[in-house]
Enquirer: 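Okay, here's the structure, questions in a sec.
Every chain is numbered from 1, with letters handed out A, B, ... down the list of sequences. Just so it is clear, the structure is predicted and the values come from calculations on it, not from any experiment. Note that these values count all heavy atoms, side chains included, but never hydrogens, waters or copies made by symmetry.
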Amino acid sequence: MAIDAAQPETPGAPEGRQNPQGRPPPETEETAVAGHAPGVRHAPGVGHSPELRPGVQRLPIAVGPGPGDLTDGAAASEATAGLLEVRHLNAYYGTFRAIRDVDLSIRPNAVTALIGPSGCGKTTFLRTLNRMHELVPGATVQGTIELDGVDVYGSNIDPVRLRRVMGMVFQRPSPFPTMSIYDNVVAGLRLTGRHQRSELDAVVERSLRRAALWDEVKDKLRENGMSLSGGQQQRLCIARALAVGPEVLLMDEPASALDPIATLRIEELIAELKQSYTIVIVTHNMQQAARVSDRTAFLTMGEDRAGYLVEVDETSRIFTNPRERLTEDYVSGRFG
Amino acid sequence: MSQGIPSSLVAGRPAAALLVRTRADRRRSLVNSAFQGVALLAAVACVVPLGALVTFVVMNGAGALNLDLLTRPTRALGLGGGAAAAILGSLQIVPIAAVIAAPIGVLAALYTVEFSGRRTATLIRFAADVMVGIPSILIGIFAFALFVLPFHQFNALAGSLALAIIMVPVVMRTTEESLRLVPGSLREASLALGVPMWRTALSVVLRTGLSGVAAGLMLAVARAAGETAPLIFTAFGNQLINVGGLGKPMDALPLFIFVNARQPYEAQNSQAWGAALLLLLFVLAVNVIVRGRAGRRNSR
């Protein structure tokens with residue numbers, strides 16, 4: 001990726017939201033002081049590209065000259081970072097409509113859970129957000145998804161760059177089997193052309209700490225990622241996703257292949273990560289949705305087998321006093 | 001088997017009567033044994049040639065495979081000379097062929113697995129399978145017309161190119177099989193990190209399938225090292241040692257065997273046997289190493 005390497009601003013910005021444990025940020029990360037809490041905007045200071053206007057945070061996908069950039073910082077709204085607005089979303093596999101007309105607003109610094117019976121399109125919905133959906137031959141999307149006011153399906157958006165802003169964690173832990181723990185964490189950086197050793201070292205420690213895995217693996221970073229237990233592998237995958245500096249974390253049943261104790265650790269981790277990220281989690285486990293999420297969206301399948309959104313609300317309300325009869329039936333175990 | 005039928009199913013007959021072996025039973029078990037025996041014979045016939053061939057070549061070649069054969073250049077009538085020219089020739093022609101064929105075969109496989117549509121992939125795979133089945137003498141004549149005739153000169157590079165043509169489909173097919181085994185979840189994990197498609201194909205998919213790719217490449221090399229027909233009209237053979245003269249005729253082990261086995265002199269025939277043993281040992285070694293490793297991987 002010679003193109004990326006040639007963009008001096010790139011290293012700083014995507015890392016920008018990770019500065020845990022109060023470690024002094026490396027030189028490449030002047031922007032790291034920016035917290036993620038709403039209202040805390042980082043001041044335009046050293047290291048910012050000169051065209052960055054005060055008070056306007058540019059999206060990481062918009063950083064750097066070259067094709068695929070978002071249309072300057074002006075498009076980014078001031079009050080949000082990691083806010084997802086989904087409007088009239090339809091997703092298709094060929095002619096089959098998998099998702100029908102979903103409108104959903106996903107808040108930053110919160111966990112939004114997607115629940116619903118099998119086949120209702122939860123995973124498909126998740127994959128439309130970071131444009132993984134379109135990798136399936138014949139798969140298409142209608143409608144708009146805006147990240148901080150920028151349409152991620154806009155003609156000027158490069159899906160490859162978008163996916164660095166919206167990290168994804170899959171159902172089954174999938175460490176790269178040919179790589180060490182260290183190499184797994186920095187895979188997203190190395191494979192996009194960033195090789196500076198000091199930067200990578202810092203990212204590895206920070207990402208593994210964030211993923212609550214550092215203490216368990218710090219003495220064996222050179223060992224193969226497959227040597228870890230299932231739960232550790234999944235946290236490694238979370239660290240790998242965090243390493244590229246996303247704003248949004250999409251999790252597709254991240255604990256369904258894990259034992260209860262590993263599941264608990266992942267849930268604790270999610271609760272911590274929501275301080276800094278917008279988190280969307282698909283889960284089959286309603287207790288899990290109730291435990292980890294702030295808001296819950298309930299999807300189900302229509303007669304045409306297309307998934308649609310029944311309702312979205314605060315999690316406590318969905319599980320105690322939902323507005324829709326369908327939701328009540330589902331959460332109380334009467335169907336699905 | 002009548003013994004297996006519960007007596008309750010056959011109304012009105014006592015169980016004991018059903019258990020007695022009849023003539024039909026005996027005949028059936030006889031047919032069964034006969035069939036098993038025939039299949040066993042076929043299996044043995046399948047393995048015997050390999051054992052016989054190895055024994056035969058070892059018996060005839062062991063005496064001739066000595067230091068002289070390995071180090072001395074060819075001398076007239078096979079008196080005191082060796083196969084050094086052929087060995088050095090093979091050591092040049094085959095690696096050059098591998099260097100040409102490997103990237104083409106591997107990238108073609110990567111294309112069919114990662115980038116092309118299903119129909120294109122089927123077409124490419126079909127073409128490769130047909131190529132594998134093309135008689136190697138035709139490839140020799142083709143290379144002769146293309147790489148020898150225009151230059152009015154038999155040359156080693158034409159031999160390498162001919163061998164490369166034989167190797168490409170072999171490398172492509174084995175690489176493809178190996179890459180198809182790489183789980184899609186790794187591909188997705190990489191793409192979801194914002195890694196471009198081409199980089200995912202190289203650094204994740206190819207890297208994960210690399211041991212299978214290497215195995216396929218080694219088998220292709222072993223195959224090419226023994227090919228004779230494509231070299232007859234291209235590298236042609238050479239009594240003199242030729243190192244680096246790719247534009248000139250060059251000897252190779254199969255050519256050496258081919259030429260010397262047809263001579264009326266005992267000494268030359270014996271050298272052909274020695275060279276044959278050398279070639280056989282190389283091919284066997286590659287196969288044992290590659291298939292042994294693959295076996296271990298599969299059983300784990």
Enquirer: Given that the side chain runs from C-beta out, which part of V204(B) has a heavy atom under 4.5 Å from chain A: side chain, backbone, both or neither?
Expert: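 Just its side chain gets close to chain A.
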Enquirer: Among M166(A), M179(A), M168(A), which has the most heavy-atom pairs under 4.5 Å with chain B?
Expert: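 The option with the most such pairs is M179(A).
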Enquirer: Can you tell me which portion of F176(A) sits under 4.5 Å from chain B's heavy atoms? Options are side chain, backbone, both or neither.
Expert: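 Looking at F176(A), backbone and side chain both touch chain B.
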Enquirer: Please find the pair of heavy atoms, one from A211(A) and one from I238(A), that lie closest to each other, and give the distance.
Expert: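 Of all heavy-atom pairs spanning A211(A) and I238(A), the closest is CB-CG2, 4.4 Å.
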Enquirer: Any chance you could measure L107(B), atom CG, to M172(B), atom CE, to the nearest 0.5 Å?
Expert: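 So the gap between those two atoms works out to 11.0 Å.
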Enquirer: Does any heavy atom of chain B fall under 4.5 Å from the side chain of P137(A), the backbone, both, or neither of them?
Expert: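 Neither the backbone nor the side chain of P137(A) comes within 4.5 Å of chain B.
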Enquirer: Could you pull out all residues at least two apart from Y111(B) that satisfy ring pair (Phe, Tyr, Trp, His ring centres under 6.0 Å)?
Expert: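 Not a single residue meets the ring pair (Phe, Tyr, Trp, His ring centres under 6.0 Å) criterion with Y111(B).
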Enquirer: What part of L250(A) gets within 4.5 angstrom of chain B, counting heavy atoms only: side chain, backbone, both, or neither?
Expert: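 Interface part for L250(A): neither.
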Enquirer: Between chain A and each of S190(B), S203(B), A192(B), count heavy-atom pairs under 4.5 Å; write down the option with the most.
Expert: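 Most heavy-atom pairs under 4.5 Å with chain A: A192(B).
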Enquirer: Counting only heavy atoms closer than 4.5 Å, note whether T200(B) contacts chain A via side chain, backbone, both or neither.
Expert: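 It is neither, since no heavy atom gets under 4.5 Å.
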Enquirer: Just by modelled atom types, is the Q171(A) backbone N or O under 3.5 Å from a matching donor or acceptor in the E253(A) side chain?
Expert: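 No, the answer is negative, given that no donor and acceptor are paired below the 3.5 Å cut-off.
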Enquirer: One thing to verify: whether R173(B) and E176(B) come together as a salt bridge, which I'm taking to mean a side-chain N less than 4.0 angstrom from a carboxylate O.
Expert: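 Looking at R173(B) together with E176(B), the answer is yes, because their closest N to O distance falls below 4.0 Å.
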Enquirer: Name the region of R172(A), side chain, backbone, both or neither, that has any atom closer than 4.5 Å to a heavy atom of chain B.
Expert: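 Neither the backbone nor the side chain of R172(A) comes within 4.5 Å of chain B.
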Enquirer: After noting the C-alpha distance and the side-chain angles of F125(A) and H133(A), does the key distance pass the ring pair (Phe, Tyr, Trp, His ring centres under 6.0 Å) rule?
Expert: CA-CA 8 Å; F125(A) 175 78; H133(A) 175 68; over 10 Å; no
